[in-house]
Amino acid sequence: MNLLQLILTITAGFFAPESAEIVFAGDAMQHTRQIEAAKTASGEYDYSSYFQAIEPYISSADYAVVNLETPLGGKPYAGYPNFSAPDSYLTQLKNSGFDFILAANNHTLDKRDKGLLRTISQFEEQEIPFTGIYRNKAERDSVVPAVVDVNGFKVAILNYTYGTNGIKIQGNAVVDYIDRNKISADIKKAREHGAEIIAACMHWGVEYSLLPNAEQRKLADFLQQQGVDLIIGGHPHVIQPMEMRRDKSGKKVFLVYSLGNFVSNMHTDDTRGGAMVRVRLTRDNQGKALVDTATYRLVFVVPPTGSEKNYRVVPAEGPVPSQWKAERDRFVKRASNIFNKHNVDVPLDTTSISSYRR
């Protein structure tokens, strides 16, 4: 490094923003009953009430990321097992404050290559960044890693899935499957592209298991060894523990095994909601970006109730219609038991949602 480069580096450290906050949410799903509930008399699909109760929390962050666990494959719209959601669902996620979409998951190919390609077109048309799926290898090579600006912090977001329910790509499309060689190469490339923080978002684990399996633990260790700063997991449709780790140098590495469901029509005790996390980034005295703190809060999905014809995601600690209170309480009790027993230095966020501001 020559003198001019040294001066520029030091100067950048002095004038760079001192902190930034990223919110991550879990699996945003669209089951058949959700689609039916969102349909209006005009034949359109209205999701405007879906996230109103938690929008301050989402939009007040410098950046917000969510896993879209359904293709936007066009009509006919469908829920499980082969999803295809209305385009207005994506519109509402964006309008509610989400800045980035994770698209590599086991339902990515539910509508085959055509659905994947249409989903990409919708991301582009609605101008929301994404990663995990691509039209072809050349496109992937040109856009991976996705390095985004989060209040002056350069953050790379990577996204991989364990599989696509046995459905194979028929053409040139690309899905980012979990492959250690590929992940290592992407991490190296991210650093070369100037990424200060690397987030690896993993679709992994065993559905409905409240604890990670051995493969998740091994892969988390591998990602940490590769220099990843944030490891954010999904797929089990239930929450799993979180850890604020430290690597050999003492640097913090934040790990979430599973955020669970963000919104769905699943209705067992553990699938009625999930967790959102808020990660704070900061800089040391030399301007180096670091993970500082992370907190979580629970959200609960309220099904259509009375005059409210649509689904709603609400803070789990807040009021819910009386007919759903017992279900909410069981969800909170079971999730809290897991987090209280297994979380490592990741506390509950008790800040009132209303105190957050855009």
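- Between Asp229 and Arg191 there is a salt bridge, since at least one side-chain N of the basic residue sits less than 4.0 Å from a carboxylate O of the acidic one.
- Within 6.0 Å of the CD atom in Glu192, the count of heavy atoms belonging to other residues, nucleotides or ligands exceeds 12.
- No close placement of the Tyr77 and Phe83 rings is indicated, their centers lying 6.0 Å or farther apart.
- The ring pair (Phe, Tyr, Trp, His ring centres under 6.0 Å) analysis of residues 279-317, with sequence neighbours excluded, yields the pairs Tyr296-Phe339.
- Remark: the Asp46 side chain and the Ser48 side chain contain an N/O donor-acceptor pair separated by less than 3.5 Å.
- Residues Ile353 and Ile54 approach most closely at CG2-CA, 4.5 Å, considering heavy atoms.
- Under the 4.0 Å criterion applied to side-chain N and carboxylate O atoms, Arg118 and Asp113 are not assigned as salt-bridge partners.
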Would Arg283 and Glu196 count as a salt bridge (charged side-chain N to carboxylate O under 4.0 Å, His left out) here? Give the steps.
CA-CA 10 Å; Arg283 295 186 183 278; Glu196 301 176 279; 2.7 Å; yes
Asp87 vs Lys94, test: salt bridge (charged side-chain N to carboxylate O under 4.0 Å, His left out). Steps then yes/no.
CA-CA 11 Å; Asp87 301 337; Lys94 180 180 178 180; over 6 Å; no
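- Using a cutoff of 4.0 Å between basic side-chain nitrogens and carboxylate oxygens, Asp176 and Lys182 are scored as salt-bridged.
- Salt bridge absent: Glu18 and Arg280 never bring a charged side-chain N and a carboxylate O closer than 4.0 Å.
- Ring geometry, Tyr356 versus Tyr57: the interplanar angle exceeds 60°, so the pair is classed perpendicular (tilted spans 30 to 60°).
- The number of heavy atoms from other shown groups lying within 6.0 Å of OH (Tyr80) does not exceed 12.
- With respect to the salt-bridge test (charged N to carboxylate O, under 4.0 angstrom), the residues Glu44 and Lys39 do not qualify.
- For Arg245 and Phe254, the positive end is not near the middle of the six-membered ring at less than 6.0 Å and at most 45° from its axis.
- Residues Pro236 and Ser209 are not in side-chain contact: their nearest non-hydrogen atoms beyond the backbone lie 4.5 Å or more apart.
- By the 6.0 Å and 45° rule, Arg312 does not stack over the aromatic ring of Tyr50.
- Residues Leu211 and Pro241 come closest through the heavy atom pair CD2-CG, 3.9 Å.
- Ion pairing between a basic and an acidic side chain is recognised when a charged N comes within 4.0 Å of a carboxylate O; Asp141 and Lys137 show such pairing.
- For Phe51 and Phe262, the ring centers are positioned less than 6.0 Å apart.
- Between His203 and Tyr160, the ring center distance fails the sub-6.0 Å criterion.
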